[in-house]
Novice: 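Quick one: the structure is below, and I'll ask about it shortly.
Just so we're clear, the structure is a prediction, and the values are computed from it rather than from any experiment.
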Protein chains: 2
Amino acid sequence: MEEIDRRIVALLAADGRMSFTDLAKETGLSVSAVHQRVRRLEKRGVIKGYAALVDFDEVGLPLTAFVSIKPIDPAAADDAPDRLRHLAAIESCHSVAGDESYILKVRVGSPRDLEELLNQIRAAANVSTRTTVVLSTPFDYRPPAV
Amino acid sequence: MEEIDRRIVALLAADGRMSFTDLAKETGLSVSAVHQRVRRLEKRGVIKGYAALVDFDEVGLPLTAFVSIKPIDPAAADDAPDRLRHLAAIESCHSVAGDESYILKVRVGSPRDLEELLNQIRAAANVSTRTTVVLSTPFDYRPPAV
DNA sequence: TCTGAAATGTATACGTT
DNA sequence: AACGTATACATTTCAGA
């Protein structure tokens, strides 16, 4: 990818609502040229979307945890992501190298909600779970240095 | 927090560039009422910012990993986050319960870059590291169901 | 905290280079 | 690819309820 496109991506990753006017100033292009480039980056999937970054404590989801999962039956088909997608408390699902097969990041309101979620995960995907509770988050969602 | 504010937060978490006009339609408020609420949510820190979601494969950062760290000297002051913040490849830093003290999520271009980053982490924070490489990401950055 | 209207600023389509 | 212009649309501010 080319220099100006990288710059546009970096600027929007850091401020997803930056106006085309400001992007034009930062890149030295005209507003319409920037506009074209952003639309092309969206269409090509380089920019997959935009999100507001939310303070989870403020919206009733103060408990974050990492949940590593391992199949109970290693011979069974591995469709865990499809079986877990409907659980909205799971923010992300990464397939990983190592002893376990996936690492999930989950957000819930309370330890009780976490307990219930773990039961749902185990039942839905036929897996065992290992949970690491997050105590605090010094930083998160930092934009990539593209 | 109140019903309409929750809805606004959920809508912006799912589409960070949604216009005030559309937010007004979705919530049944006037444009200026929505506008006021969004500004208030931003000011109160419920909405911490906005980000474009980037395809990391497309911007030259195809390798993601989780790095768990543990202090070499357990008696030393624990200022690892401050010592690691300057490393842009670290997207997030969570203090966790369990055997290790922090879990970092990192993005790099290649195994060689990962090796170098791990050396920087160990040197900067005087920690040992345990790295779990991400093979694929079935889903990520899902908006919270506020 | 809301509304509606006015003023300003931005997004987008289109024609041109 | 990029630019400039014209128009449509969105944001922002403000007075008043």
Novice: Can you tell me which nucleotide in D:dT12, D:dA2, D:dA10 comes closest to the side chain of B:Ser19?
Specialist: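 That would be D:dA10.
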
Novice: Please give, in whole Å, the distance from C:dC2 C1' to B:Asp5 CG?
Specialist: 13 Å

Novice: Assuming nearest nucleotide by heavy-atom distance, tell me which of A:Gly28 and B:Met18 is located more 5' along DNA chain D.
Specialist: A:Gly28

Novice: Tell me the interatomic distance from A:Arg39, atom CZ, to C:dT10, atom C1', rounded to whole angstroms.
Specialist: 12 Å

Novice: So, are B:Arg40 and B:Asp5 salt-bridged, with charged N and O less than 4.0 Å apart?
Specialist: yes

Novice: Without decimals, in angstroms, what is the distance between A:Lys25 NZ and C:dA11 C1'?
Specialist: 15 Å

Novice: Quick one: do A:Arg142 and B:Glu91 make a salt bridge, cutoff under 4.0 Å?
Specialist: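 Not counted as a salt bridge, because no side-chain N and carboxylate O are separated by less than 4.0 Å.
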
Novice: Regarding D:dG4, can its base be found pairing with the side chain of A:Ser32 as donor and acceptor, where the two atoms are less than 3.5 Å apart?
Specialist: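 Yes, a donor-acceptor pair under 3.5 Å.
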
Novice: Please pick, from D:dC3, C:dT12, C:dT1, the nucleotide with the shortest atom-to-atom distance to any side-chain atom of B:Arg37.
Specialist: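 Per side-chain heavy atoms of B:Arg37, the pick is C:dT1.
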
Novice: Separation of B:Asp22 atom CG from D:dA10 atom P, in whole Å?
Specialist: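 Atom CG in B:Asp22 sits about 7 Å away from atom P in D:dA10.
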
Novice: With the side chain of B:Gln36 defined as its heavy atoms from C-beta on, choose the nearest nucleotide among C:dT12, D:dT12, C:dT3.
Specialist: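 Shortest atom-to-atom distance from the side chain points to C:dT3.
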
Novice: Quick one: B:Leu29 CG to C:dG4 P, roughly how many Å, whole number?
Specialist: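 Computing the B:Leu29:CG to C:dG4:P distance gives 11 Å.
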
Novice: Phosphate oxygens OP1/OP2 of D:dT11: is one of them under 4.0 Å from a side-chain N or O of B:His35?
Specialist: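 For D:dT11, OP1/OP2 do not have a side-chain N/O of B:His35 under 4.0 Å.
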
Novice: Check whether NZ of the Lys or CZ of the Arg B:Lys105 lies under 6.0 Å from the centre of the six-membered ring of B:Tyr141 and within 45 degrees of that ring's axis.
Specialist: yes

Novice: Rounded to the nearest angstrom, tell me the gap between atom CZ in A:Phe20 and atom P in D:dT5.
Specialist: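 So the two atoms are 20 Å apart, to the nearest Å.
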
Novice: Using heavy-atom distances to pick each residue's nearest nucleotide on DNA chain C, tell me which of B:Arg40 and A:Thr21 is more 5'.
Specialist: B:Arg40

Novice: Measure OH/A:Tyr50 against P/C:dA11 and give the value in whole Å, please.
Specialist: 11 Å

Novice: Categorize A:Ala33 for me: base, sugar-phosphate, or nothing, with a 4.0 angstrom heavy-atom threshold over every strand shown.
Specialist: sugar-phosphate

Novice: Does A:Arg17 place a side-chain N or O at less than 4.0 Å from the phosphate oxygens OP1/OP2 of D:dT11?
Specialist: yes

Novice: Taking atom NE2 of A:His94 and atom CG of B:Leu135, what is their separation to the nearest 0.5 Å?
Specialist: 11.5 Å

Novice: Under 4.0 Å between a side-chain nitrogen and a carboxylate oxygen: does that hold for A:Arg37 and A:Glu2?
Specialist: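 Yes, A:Arg37 and A:Glu2 are salt-bridged.
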
